[in-house]
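First the structure, in the form of structure tokens, and then the observations on it.
The structure displayed is predicted, hence computed values, not measured ones. Just the heavy atoms: all of them, side chains too, but no hydrogens, waters or symmetry mates, feed the values below.
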Amino acid sequence: MDNLIKLAQKLDQEFKETNFNIDKFYLLAAEKLKEVNQEDITIENINSYIDHNIIEEQFVVDDSFGEPSITLFRSDEIVLDILIWTTSDTNAHSHGFSGAFKVMQGEIIQAKYKTENDIKEPYNFFIRDKINLDEVKILKIGDIQCIPPGLNLIHKSLHTVSPTINLVFRTIGHREAKLGM
């Protein structure tokens, strides 16, 4: 897990060097996830890390995003979380942050949607627009899904294996909030 934290620190520095450009962050995050090996995140490694380390304040304290989510790294700008999914599916949703996740264990059937109209920032808090199914794909171990800012990823996930484990680099979300996300 220490290698993952060092990777997150590098990503945090690279994000600063882009002047916190959220339109580039998800690409940087995806590149960093390519450096992560499957054996870095296993149930055994997670249990060992929890048993032998003091777990810092968690970013999502109510486990509404992952069941549970385990924060490994948090800065003023980014978060590195392990997301363990035990329920089978999520509602269709977009994100108030940008980043990328890598499937470390399990399999996900992902439905991606597009809004009927082209919606530009600044976004309204509530958008009344029809969404249409755009793509269905299977995310397998090792696959990386980018989470670009805005409404560029509206999706629903069906976790076909329990637990499914994802590793996610994401922004805190305060820069996206300024765009109305």
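- In this structure, the side chains of Ile109 and Lys156 stay at 4.5 Å or more apart for every pair of heavy atoms.
- Side-chain N or O atoms of Ser157 include none that pairs as donor or acceptor with a backbone N or O of Gln110 at under 3.5 Å.
- We find the CD1-CG distance between Ile165 and Leu167 to be 10.0 Å, quoted to the nearest 0.5 Å.
- Using a 4.5 Å cut-off on side-chain heavy atoms (C-beta onward), Ile82 and Ile46 make contact.
- Asn21 contributes a side-chain N or O that, together with a main-chain N or O of Asp23, makes up a donor-acceptor pair within less than 3.5 Å.
- Under the 3.5 Å distance criterion, the side-chain polar atoms of Ser98 are left unmatched by any main-chain donor or acceptor of Ile147.
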Given the rule in the side chain to side chain contact (heavy atoms under 4.5 Å, CB included) test, do Val103 and Ile108 qualify, once you have shown the distances and angles that lead to the verdict?
-> CA-CA 8 Å; Val103 180; Ile108 303 165; 3.9 Å; yes
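- The shortest side-chain heavy-atom distance between Tyr26 and Leu28 does not fall under the 4.5 Å cut-off.
- Residues Lys32 and Leu7 are in side-chain contact: their nearest non-hydrogen atoms beyond the backbone lie under 4.5 Å apart.
- Put simply, CE on Met1 and CG on Leu72 are 6.0 Å apart, with the number rounded to the nearest 0.5 Å.
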Go through the steps for Arg170 and Val79 under the test side chain to side chain contact (heavy atoms under 4.5 Å, CB included), then give the verdict.
-> CA-CA 5 Å; Arg170 56 168 285 191; Val79 175; 4.0 Å; yes
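- Listed by first and then second residue, the salt bridge (charged side-chain N to carboxylate O under 4.0 Å, His left out) pairs involving residues 134-147 are Lys112-Glu135 (not counting sequence neighbours).
- Between Met104 and Val36 the shortest side-chain heavy-atom distance falls below 4.5 Å.
- The nearest pair of heavy atoms linking Ala100 to Ile144 is CB-CG2, 4.3 Å.
- Across every non-hydrogen atom of Val161 and Thr164, the tightest pair is O-OG1, 2.6 Å.
- The heavy-atom pair separating Gly106 from Ile141 by the smallest distance is O-CG1, 3.5 Å.
- Here the closest heavy-atom approach between residue Ile172 and residue Asp76 is recorded as CG1-O, 3.6 Å.
- Residues Pro163 and Ile43 meet the side-chain proximity criterion, which asks for heavy atoms closer than 4.5 Å.
- Between atom CD of residue Gln9 and atom CZ of residue Phe73 there is a gap of 5.5 Å, rounded to the nearest 0.5 Å.
- The CD atom of Glu77 lies 11.0 Å from the CG atom of Leu11; values are rounded to the nearest 0.5 Å.
- Residues passing the salt bridge (charged side-chain N to carboxylate O under 4.0 Å, His left out) test with Glu17, sequence neighbours excluded: none.
- Partners of Phe25 according to the ring pair (Phe, Tyr, Trp, His ring centres under 6.0 Å) rule, which considers only residues two or more places apart in sequence or in another chain, are Phe15.
- One finds the CZ atom of Phe20 at 10.0 Å from the CD1 atom of Ile78 (value rounded to the nearest 0.5 Å).
- A heavy-atom distance below 4.5 Å is found between the side chains of Gln38 and Lys102.
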Verdict with reasoning, Asp12 to Lys16, per salt bridge (Lys or Arg N to Asp or Glu O under 4.0 Å) = CA-CA 6 Å; Asp12 191 43; Lys16 288 176 187 169; 3.5 Å; yes
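- In this structure, Ile84 and Asn166 have side chains that are not in contact, with every pair of non-hydrogen atoms separated by 4.5 Å or more.
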Check the pair Asp81 / Thr71 against side-chain hydrogen bond (donor to acceptor under 3.5 Å, both in side chains), numbers first and verdict last.
-> CA-CA 4 Å; Asp81 276 337; Thr71 301; 2.6 Å; yes
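- To the nearest 0.5 Å, atom CD of residue Glu31 and atom CG of residue Leu27 are 8.0 Å apart.
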Carefully, step by step, assess Glu107 and Ile138 under the rule side chain to side chain contact (heavy atoms under 4.5 Å, CB included).
-> CA-CA 7 Å; Glu107 184 178 272; Ile138 297 175; 3.5 Å; yes
